[in-house]
Amino acid sequence: MPYIEWTDEFATGINVIDCQHKRIIHYINQLTDAQNLNSPEIIGDVLIHLIDYTLSHFAFEESLMDEAGYSAASIHKQTHEAFREKINSYHERYRAGENITDDLFQLLNIWLMDHIAEDDSSYVPVVKQNIPGINADEKQGWLKTKIQEFFS
Ligand SMILES: [Fe+2]
């Protein structure tokens, strides 16, 4: 498979979120490497990073939605939880010696198209309106505090 690239169709327009979403593209391309190199180690590495991603990125995104009073936050959180459970189950299957590359590759591609390009774009207007300066390169303030809370 050729590498995939980030395009504007995946962009929320919130810089800090888009940077985090680009990690999914990186993981998909790492899976392509894993297939080409026949390397289970790379798949294990992707899974470990995905487990971290499902904790830190989702918690960050959910706090933005809560902070903004986004009305569909609870449905969005359920989608995150379902993805988190899938990643954990793939990790278990991987640890049991199963080759989950194709399943994981498919899951991440669907996530990119359905969740990042669709579901996530739905909260953008509310979050942008309620968190002024969300796109500013702030050295102080709310955004910096949140980033430290979830990613330090
Ligand atoms: Fe999301």
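One-based numbering, in listed order, for ligands and for the atoms of each. Along the sequence shown, residues carry numbers from 1.
- Side chain of His26 to backbone of Lys22: no donor-acceptor contact under 3.5 angstrom is found.
- Judged purely by atom type and a 3.5 angstrom limit, Arg93 has no side-chain atom pairing as donor or acceptor with the backbone of Glu98.
- Contact annotation: Asp120 places an N, O or S atom under 2.8 Å from the Fe ion (ligand 1).
- When ring centroids are compared, Tyr123 and His76 come within the 6.0 Å threshold.
- The existence of a salt bridge linking Arg95 and Glu92 is excluded, since no basic side-chain nitrogen approaches an acidic carboxylate oxygen closer than 4.0 Å.
- Among the atoms of Glu62, none of the N, O or S atoms falls under 2.8 Å from the Fe ion (ligand 1).
- In Glu61, the N, O or S atom that comes nearest to the Fe ion (ligand 1) is OE1.
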